[in-house]
Amino acid sequence: MSRLNISLPGLDLKNPIMPASGCFGFGREFAKLYDLSILGAMMVKATTIFSRFGNPTPRVAETSSGMLNAIGLQNPGVEKVFHEELPWLEQFDVPIIANVAGSTIEEYVEVAKILSKAKNVHALELNISCPNVKHGGIAFGTIPEIAKEVTARAKEVSEVPVYVKLSPNVTDICEIAKAVEAGGADGITLINTLTGLRLDVKTGRPIIANITGGLSGPAIKPIALRMVYEVSQRVNIPIIGMGGIQSAEDALEFFYAGASAVAIGTANFTDPFACPNIIGQLDELLEQLNINHISDCIGRSWKLGATSNYRA
Amino acid sequence: MSRLNISLPGLDLKNPIMPASGCFGFGREFAKLYDLSILGAMMVKATTIFSRFGNPTPRVAETSSGMLNAIGLQNPGVEKVFHEELPWLEQFDVPIIANVAGSTIEEYVEVAKILSKAKNVHALELNISCPNVKHGGIAFGTIPEIAKEVTARAKEVSEVPVYVKLSPNVTDICEIAKAVEAGGADGITLINTLTGLRLDVKTGRPIIANITGGLSGPAIKPIALRMVYEVSQRVNIPIIGMGGIQSAEDALEFFYAGASAVAIGTANFTDPFACPNIIGQLDELLEQLNINHISDCIGRSWKLGATSNYRA
Amino acid sequence: MIQLEEMKITEQKEIATNIFHLQIQGDLVSQIKQPGQFVHVKVAEGIEPLLRRPISIAKINHEENILSLIYRADGKGTSLLSKKHPGELVSILGPLGNGFPITQHKGKTALLVGGGIGVPPLYELSRQLTSLGIRVIHVLGFQSANVSFLENEFSRLGMTYIATVDGSKGMQGFVTDVIEAEKLTFDCLYACGPTPMLKALEQKFPDKEVYLSLEERMACGIGACFACVRPTTCGDGYKKICSDGPVFRAGEVVL
Amino acid sequence: MIQLEEMKITEQKEIATNIFHLQIQGDLVSQIKQPGQFVHVKVAEGIEPLLRRPISIAKINHEENILSLIYRADGKGTSLLSKKHPGELVSILGPLGNGFPITQHKGKTALLVGGGIGVPPLYELSRQLTSLGIRVIHVLGFQSANVSFLENEFSRLGMTYIATVDGSKGMQGFVTDVIEAEKLTFDCLYACGPTPMLKALEQKFPDKEVYLSLEERMACGIGACFACVRPTTCGDGYKKICSDGPVFRAGEVVL
Ligand SMILES: Cc1cc2nc3c(=O)[nH]c(=O)nc-3n(C[C@H](O)[C@H](O)[C@H](O)COP(=O)(O)OP(=O)(O)OC[C@H]3O[C@@H](n4cnc5c(N)ncnc54)[C@H](O)[C@@H]3O)c2cc1C
Ligand SMILES: Cc1cc2nc3c(=O)[nH]c(=O)nc-3n(C[C@H](O)[C@H](O)[C@H](O)COP(=O)(O)OP(=O)(O)OC[C@H]3O[C@@H](n4cnc5c(N)ncnc54)[C@H](O)[C@@H]3O)c2cc1C
Ligand SMILES: Cc1cc2nc3c(=O)[nH]c(=O)nc-3n(C[C@H](O)[C@H](O)[C@H](O)COP(=O)(O)O)c2cc1C
Ligand SMILES: Cc1cc2nc3c(=O)[nH]c(=O)nc-3n(C[C@H](O)[C@H](O)[C@H](O)COP(=O)(O)O)c2cc1C
Ligand code: FES
Ligand code: FES
């Protein structure tokens with residue numbers, strides 16, 4: 001599989017495919033189905049300082065080619081993640097990207113500091129879509145200055161490279177991307193979910209108890225691709241792309257758009273073997289298309305020149 | 001059909017279903033398939049001062065449960081619309097909502113002034129997603145002050161109520177909604193399309209010649225519903241909701257979210273009879289659900305209280 | 001072990017209004033450990049609808065490697081499933097979760113209480129209980145006669161009472177009304193059905209050995225996504241319905 | 001008049017590698033006015049894939065109300081279509097657009113040039129031309145022998161030359177190479193195929209009566225969405241391929 005290896009800050013990946021945060025827990029369930037060592041990396045569930053139960057149920061709802069979720073960052077807290085989940089994952093030959101969440105900058109800093117010390121954590125991923133308590137519940141990820149600050153503060157304490165995960169619910173994704181780059185981010189991951197709603201036709205009430213939820217799945221792929229395309233041309237740090245990837249073809253579109261690696265979220269729910277399948281199929285697809293190495297694809301859409309010369 | 005009539009500023013609708021702008025041309029093609037008089041209203045294609053050819057082709061691409069388009073506001077210009085298209089539509093008993101576009105505030109004002117004088121135009125719809133040439137190509141619809149100004153200026157000259165169509169590509173849709181309300185808008189229509197991208201798996205190039213396009217169809221319905229839900233609780237003017245409606249059930253969700261009428265866009269392409277079908281089915285659905293009048297549904301999701309008591 | 005398998009449909013039959021009995025064949029059947037486990041069904045190829053549907057295993061035929069699902073064709077996914085024909089393949093993830101534990105011995109009495117589409121998993125449970133010599137009593141509640149099912153099959157295994165909301169079959173009322181009217185006694189109670197029914201049973205028999213099978217909207221079905229958690233009654237813990245449940249001892253989690 | 005109809009599949013056959021011949025029956029057939037018109041096909045129920053697929057009418061059987069489509073199962077939609085069986089229904093919108101005008105009379109010669117999946121509409125055209133006593137010459141270009149089709153059918157109607165890119169059948173090269181090599185002459189030329197082929201023909205025969213059938217990505221297929229426009233050669237006008245075309249006189253629109 002030598003055509004699939006990719007090097008990113010902190011991450012020497014045997015292949016550029018990894019499960020997305022929150023869609024793979026801490027790997028225990030999937031480890032019963034296949035050997036996690038075949039994964040390029042693993043983005044584990046968001047971790048906060050203290051354990052969180054999350055939102056009331058129902059927490060998920062189906063939409064056309066997508067789903068809404070409002071899990072509410074349920075997790076066992078940073079101590080348990082550090083002392084139980086991460087050590088358990090050491091049995092696998094797979095770099096971990098630890099997803100860091102919080103409702104204050106201090107919480108991000110604290111969690112980042114601890115998790116970055118874990119042996120198998122090769123990078124952090126700051127999930128800045130969480131509501132910022134101090135700023136009236138507006139997500140960190142929507143205000144450039146705050147996004148920059150949380151990045152810089154996490155960088156100060158982290159012993160591994162820091163990736164920042166951007167929220168797509170913004171007017172100008174490049175503005176946020178440039179802010180976190182200025183804050184010292186080593187890489188960017190995008191996109192997180194788009195805020196959506198479903199109502200029960202019989203009762204008129206929200207299907208999800210939290211009312212709104214995050215939209216993921218194939219429905220959002222075109223939006224994710226557009227954002228990867230825009231951001232990758234405006235920053236000088238690598239991007240791990242995600243949003244609706246279901247197949248090797250979908251993954252390849254993200255590389256063309258400008259991603260250097262990709263993550264698989266919702267697809268794991270429909271097909272628990274989605275990640276290993278996509279790894280295998282991507283290799284075959286590159287072979288079919290006569291592409292020597294996946295890195296040749298990164299940003300091809302804009303490197304080829306601005307306009308399409310496609311003709312039906 | 002007495003359970004479907006709705007009154008909105010300028011619009012006495014026999015039913016709250018209308019084709020969305022750009023998805024129905026000026027009605028000529030659909031008039032060959034059914035009597036346009038059965039429609040609640042009709043939102044016609046965006047009109048600019050001068051005729052526009054629009055973007056190069058390909059202009060559309062398919063996505064999961066959605067499509068991208070980059071038509072580029074192709075239209076014959078305001079004179080021709082005023083003297084040819086609108087008079088032709090007078091044969092039908094259907095109020096017209098004229099969609100107004102421009103790349104400067106002056107253009108909006110000029111087009112609004114002319115179109116509002118047409119006999120069958122009962123309301124204007126300002127399409128403020130167009131790029132503003134003076135402000136470096138940023139869409140009018142993403143900056144509250146400009147959104148407010150263009151609304152106020154159009155209101156000054158318009159002889160009919162003015163609705164403003166909001167772009168969903170913003171961090172805070174309520175901020176824009178409140179700005180246009182402050183500018184004097186009589187109603188709000190939302191959502192327009194989300195910016196997206198598709199790349200050809202073989203070549204890596206954008207499928208659409210314009211590179212990015214607007215995402216519409218069922219994929220965006222949860223986002224549209226969320227925005228209608230948020231905006232309807234923050235403004236005191238009515239909302240015409242749209243985004244992915246394919247069925248009477250979809251339409252009803254928009255009323256529950258807070259819309260007072262709905263528009264059907266992309267569904268017209270798959271099924272040219274989508275509008276008449278949905279009108280008929282909505283009546284049946286209300287009957288089934290024992291709802292006396294569609295107006296009883298408006299905002300039910302938030303009028304019922306904040307949390308869902310749904311239990312699977 | 002959990003398997004992902006394209007299983008073959010051997011039979012599909014409408015057994016009551018909109019209630020379907022689906023039989024599917026495959027290796028996965030050999031992995032089923034308990035009555036009350038469920039499978040996660042992909043109702044159509046492709047991405048629409050996106051999520052799998054959780055459906056309880058209603059009957060196991062180990063000789064022929066066939067399992068039965070009984071489901072209501074209600075929403076989009078189950079309606080699509082009901083249009084599949086024998087010979088077609090359907091992607092199944094399972095067996096999932098922990099089912100009904102069999103704690104009693106020969107001669108004891110188990111009361112099985114099912115409501116509507118919660119009835120199916122009790123059928124395999126009853127088969128296993130009776131094969132161990134445990135006496136079973138069934139109380140099955142339905143909306144009305146036209147959506148009732150498996151009455152004959154249950155009757156063959158033990159005493160079977162029916163309640164319908166509209167009185168069109170059996171007693172008019174709820175399953176709890178039957179239990180009261182008939183003064184039913186038991187050593188162990190198993191129930192599956194709507195939450196209000198489960199709550200009523202939990203409250204009615206606080207000191208008994210009661211097992212409840214719960215439902216919740218799910219995404220992964222295997223314990224990875226945290227969609228289906230329920231807080232535990234004591235302490236700040238939680239349980240996942242898909243992987244810790246769907247069957248819990250009454251009082252274990254908040255209903 | 002344009003109709004929307006659930007038409008019944010009477011036959012579906014793979015006639016070359018990934019090339020399918022589909023026959024569908026319904027009232028809509030009576031509305032077809034010209035060879036070269038197309039239909040807009042919903043390849044699956046529901047919303048995935050969302051858009052209809054434009055496919056040319058390859059043959060019309062008015063007696064039995066059957067029309068033929070010949071298409072390549074390539075992307076998602078056409079692959080799904082190829083899995084449909086006789087007896088199933090398929091939603092068809094059509095007939096759409098303006099086809100090939102027949103301007104010549106008995107005794108004249110028409111040259112029909114098709115490239116790949118552009119070949120099908122020429123078949124009905126050729127049948128109608130020959131029935132009017134017009135002489136037809138066919139030049140059909142394919143990638144290679146395994147994706148060539150309808151050779152025998154065309155041969156029965158008139159002289160038929162084949163060109164393949166890899167030389168595995170007929171002459172090695174492009175359709176234009178055949179026309180040159182064989183020094184073919186004609187009164188009127190009809191062509192359908194990839195844009196480079198159409199461009200070459202337009203340039204080669206600037207003074208002849210040439211009709212070209214164009215393709216473009218479409219949404220509505222009826223002229224309402226402006227997805228498929230092409231600028232006209234003279235002036236600032238435009239034409240919609242779906243409703244003004246897909247057949248245009250060479251030189252009318254920019255290729
Ligand atoms: C452990 C378990 C066992 C079950 N066993 C059975 C059974 O044996 N027979 C049977 O008929 N039903 C059973 N159900 C309920 C069944 O899963 C739902 O009726 C079904 O998912 C509804 O899907 P749909 O396509 O009809 O509805 P849609 O409205 O299209 O469903 C949309 C989404 O909501 C979810 N959903 C909707 N209703 C429910 C519900 N009541 N419970 C969980 N998810 C829901 C769907 O799974 C899907 O993700 C069980 C549920 C669980 C959790
Ligand atoms: C007027 C007309 C007549 C046609 N006649 C035939 C015919 O007789 N036989 C045949 O095999 N093909 C024909 N085509 C081409 C055919 O429409 C496409 O091959 C088909 O739409 C591709 O769909 P897909 O599901 O295979 O690909 P996908 O990649 O899944 O398609 C995605 C989207 O792109 C569109 N698209 C992709 N390729 C094309 C294309 N080349 N032209 C137009 N739209 C495209 C699809 O319609 C769909 O909207 C015709 C096209 C037009 C415009
Ligand atoms: C159930 C669920 C839980 C998620 N939890 C997290 C999380 O804890 N942290 C995070 O950064 N992203 C989380 N996400 C977002 C995903 O990591 C991913 O960014 C998003 O779902 C888009 O990718 P997809 O379409 O492939 O799912 C979650 C998504 C889902 C569906
Ligand atoms: C092909 C196409 C053209 C459109 N043209 C316009 C337009 O001219 N003016 C406008 O305000 N919106 C335009 N829209 C947006 C629609 O009116 C509508 O807001 C959007 O498509 C969401 O609704 P839908 O999902 O039902 O299509 C266009 C949409 C499509 C798909
Ligand atoms: S459904 Fe994912 S944890 Fe239960
Ligand atoms: S496809 Fe809509 S105008 Fe031609």
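In what follows, every chain begins at residue 1, and chains take the letters A, B, ... in the order their sequences are listed.
Between chain A and the options C:His40, C:Gln3, C:Arg53, C:Lys42, the largest number of non-hydrogen pairs under 4.5 Å is found for C:Arg53. For the set A:Ser64, A:Ser51, A:Gly217, A:Pro76, the count of heavy-atom pairs under 4.5 angstrom toward chain C peaks at A:Ser64.
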List, one per line, each side-chain donor-acceptor pair under 3.5 Å for residues 17-27 of chain A, sequence neighbours excluded.
residue	atom	partner	partner atom	Å
A:Ser21	OG	A:Val44	O	2.8
A:Ser21	OG	A:Asn99	ND2	3.3

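In this structure the side chain of A:Glu29 reaches within 4.5 angstrom of the side chain of C:Lys240, judged on heavy atoms.
Between the OG1 atom in A:Thr266 and the CD1 atom in C:Ile47 there is a gap of 11.5 Å [rounded to 0.5 Å]. Between atom OG1 of residue A:Thr57 and atom CZ of residue C:Arg217 there is a gap of 11.0 Å, rounded to the nearest 0.5 Å.
Scanning residues 80-93 of chain C against chain A with a 4.5 Å heavy-atom cutoff picks out C:Leu93, ordered by number.
Listed by first and then second residue, the side-chain hydrogen bond (donor to acceptor under 3.5 Å, both in side chains) pairs involving residues 244-255 of chain C amount to none (not counting sequence neighbours). Applying the side-chain hydrogen bond (donor to acceptor under 3.5 Å, both in side chains) rule to pairs touching residues 68-88 of chain A yields A:Arg28-A:Glu85, A:Thr48-A:Asn75, A:Arg59-A:Gln74, A:Glu79-A:His83, sequence neighbours excluded.
Of the possible polar contacts, one joining the A:Glu62 side chain to the C:Leu51 backbone as a donor-acceptor pair under 3.5 Å is found. Between the side chain of A:Thr270 and the main chain of C:Leu50, a donor-acceptor pair closer than 3.5 Å is present.
Counting non-hydrogen atoms of neighbouring residues, nucleotides and ligands closer than 6.0 angstrom, the NZ atom of A:Lys202 reaches no more than 12 such neighbours. Atom CZ of A:Phe50 sits in a sparse spot, with 12 or fewer heavy atoms from other residues, nucleotides or ligands closer than 6.0 Å. Annotation for C:Glu45: atom CD does not count as buried by contact number, only 12 or fewer foreign heavy atoms lying within 6.0 Å.
The minimum heavy-atom distance between A:Ile71 and C:Cys225, with the atom names listed, is CD1-O, 3.3 Å. Shown here for C:Ala219 and A:Met67, the closest heavy-atom pair between the two residues is CB-CE, 4.0 Å.
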